[in-house]
Amino acid sequence: MPLQLYNTRTRTVEAFAPLREGEVRIYVCGLTPSAQAHLGHARSFLFFDVLRRYLAHRGYRVTYVQNVTDIDDRSIKAGIETGQDYHAIVEHFYAEFKESMRKLGILEYDFEPYATKYIGEIQQMIRELVDGGHAYVTRDGVYYRVSTFQNYGRLANRNVADLESGARIEVDENKEDPLDFALWKFAKPREPSWPFEPYGEGRPGWHIECSAMARALLDPPGVGFDIHGGGADLIFPHHENEIAQSEPLMAQPPMANFWVHGGLLLFDNRKMAKSLGNFEPLSDMLLRHDPQAIRWLFLQTGYRKVMNFTEDSIAAAALGLSKIKTAYRLALARRDADPPPQRSEFDEQMEAALDDDVNTAAALAVLYEFAATAPVERLRYWLTILGIEPNDSWVAEPVVELTAQFVGRLQAALDGEGAAGEIENLQPHEAIERVIAMRAEARRQKDWAGSDRLRDALQRSGIDLHDTKEGTTWTVVG
RNA sequence: GGCGACGUAGCCAAGUGGUAAGGCAGGGCUCUGCAAAAGCCCCAUUCGGCAGUUCGAAUCUGCCCGUCGCCUCCA
């Protein structure tokens, strides 16, 4: 069974097949870094990261492009108001975004095109549109003539008449039609601009960059690429406009075979926005929460569904993930008994879940079912496909949280046991091991009271003990 | 006003015609000197409401109630 994937273009779930044998080309609309990114951005990009990893698992060579809109009205305005270069602002926020993506375990993109690095390609496309009668020049820019594109509104299931009657479209007497949109904006004083003969100096409109960069990087011949993605809020007008700009110039539309959109993330049941007072930068949120728990939380919900974020939900996800971490640790301990690598029921069920329109929630259920019995190598493999790579923190005790003061605290807790001196000058983890050894000795002598006092001392110092058949392990608690 | 999504146990959530996955929380048991951890088991006669189609509906149709999104920059 091939991968089944929902296609916004056809509004159905379809069997995925690449246009070129063995190769999948994906373009995802990236960030406009004129402000800090938030968790909603993370949800969207996290989904495309999983899709990409799974396509690679299915044996496809994946080319993943995610653009950077490094010029827009907001960054220009902010630059003028604060006296900074608009591009310095963009670079600052984008660097912060990339750091967040790294923490979330998102794979590096194959191409990360900046709009301002593709001015030539953008201008070339605008020329072709003007030459073909799809665009016209006004006093303040070059506009796309929507009336020349028959399929306008098809992706978003809107018809032109309804759109035109809508009261929310601003009236602009420069435009032939209210639906027409800017391809090129002529420069006003102090605005960054590029020369563009014969039309006039200025900068690209928002939508044209994606059309131009997707063509340049994924589809020079104009016969389409495989997947175009983004958040559901981009369907209209952004993706509709991209199609309108691209398809009249193509040898063989559609622009993208599959259009894939991720559901939006809400906070307090509202879209996150500064004006609503529910905005928290992604970088701050990553300071408060385990990035893998955030990914786990998103994996629990269908990618197309609107999802409401709450602090309770992330806490529950973190607990659920911790169970998997423990299972992984146990799997590591019994790895000698693992069967030789071969396809198993576990693999079958994971693929069945992910083949079904990337049903990560179902995949997680499979993971929970097999976590206690699967070979550690398979467990690691599938966790990695989901972007949850087991790292050192999964197996090693988090000694980093223990400072030199910890030993002092432990000594104080041991006061009266005559054991404080035993751990003098030891590193935190050595001190813990020492006390565990002392407790083991006490237990051997059936000195339960003494054993329990040592355990209590560790507990008061923030260390929980777990007795297993293989020996005693410990974890740091709050 | 137009377009669309959603409403499943205390909470999160999968399932979209064949008789309710999974996670968190809760309860029980096993193991253990005790505890913790872990493992096993239990936990919705029912899917916002009301009609209808069907042998059969959480899943399809209609109406109603509620929540949200897009139509303007937006992942």
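Letters go in sequence order (proteins before strands), and every chain restarts at 1. Values in this document were obtained by computation on a predicted structure and should not be read as measured data.
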Open item on the list: What's the gap between A21(B) and A9(B) when it is taken at their P atoms, as a whole Å value?
Closed with: 14 Å

In whole angstroms, the gap separating P of C71(B) from CG of Leu163(A) amounts to 11 Å

- Query: If the C1' atom of C41(B) is compared with that of G52(B), how far apart are they to the nearest Å?
  - Reply: 42 Å

Arg460(A) atom CZ is separated from A36(B) atom P, nearest whole Å, by 18 Å

Checklist entry - Quick one: are the ring centres of Tyr143(A) and Phe181(A) less than 6.0 Å apart? => result no

So side chain to side chain donor-acceptor pair (under 3.5 Å) across residues 359-370 of chain A, not counting sequence neighbours, yields Trp296(A)-Tyr368(A)

Sorted by chain and number, sequence neighbours left out, side-chain hydrogen bond (donor to acceptor under 3.5 Å, both in side chains) with Gln66(A) holds for Tyr64(A), Tyr109(A)

Rounded to whole Å, the CZ-C1' distance (Arg295(A) to C12(B)) equals 20 Å

When both distances are under 3.5 Å in a Watson-Crick or G-U wobble arrangement, the nucleotide paired with G4(B) is C68(B)

Asp70(A) meets the side-chain hydrogen bond (donor to acceptor under 3.5 Å, both in side chains) criterion, sequence neighbours left out, with His87(A), Thr116(A)

Which protein N or O atoms sit under 3.5 Å from an N or O of nucleotides 14-17 of chain B?
residue : atom : partner   : partner atom : Å
A14(B)  : OP1  : Gly302(A) : N            : 2.8
A14(B)  : OP2  : Lys305(A) : NZ           : 2.4
A14(B)  : O3'  : Asn359(A) : ND2          : 3.1
G15(B)  : OP1  : Asn359(A) : ND2          : 3.1

For the side chain of Asn67(A) and the backbone of Pro113(A), is there at least one donor-acceptor N/O pair under 3.5 Å apart? no

Whole-Å distance, Arg329(A) CZ to A38(B) P, equals 9 Å

Walking RNA chain B from its 5' end, the first of Leu321(A) and Met307(A) to be reached, judged by nearest nucleotide, is Met307(A)

His38(A) NE2 to C73(B) C1', in whole Å, measures 12 Å

Grab the N/O contacts between the protein and nucleotides 25-34 of chain B below 3.5 Å, and write none if there aren't any.
residue : atom : partner   : partner atom : Å
G33(B)  : O6   : Arg443(A) : NE           : 3.3
G33(B)  : O6   : Ser451(A) : OG           : 3.2
G33(B)  : N1   : Asp452(A) : OD1          : 3.0
G33(B)  : N2   : Asp452(A) : OD2          : 2.8
C34(B)  : O2   : Arg455(A) : NH2          : 2.6
C34(B)  : N3   : Arg455(A) : NH1          : 2.8
C34(B)  : N3   : Arg455(A) : NH2          : 3.4
C34(B)  : N4   : Asp467(A) : OD2          : 3.3

In whole angstroms, the gap separating P of G69(B) from CG of Asp268(A) amounts to 12 Å

By the Watson-Crick or G-U definition, both distances under 3.5 Å, G39(B) is matched with C29(B)

Between Leu364(A) and Ala232(A), whichever has its closest RNA chain B nucleotide further toward 5' is Leu364(A)

In whole angstroms, the gap separating C1' of A75(B) from CG of Asp233(A) amounts to 5 Å

With sequence neighbours left out, the residues meeting side-chain hydrogen bond (donor to acceptor under 3.5 Å, both in side chains) with Arg102(A) are Glu99(A)

The Watson-Crick or G-U wobble partner of G62(B), with both key distances under 3.5 Å, is C50(B)

Taken to the nearest whole Å, CD1/Ile71(A) to P/C73(B) is 16 Å

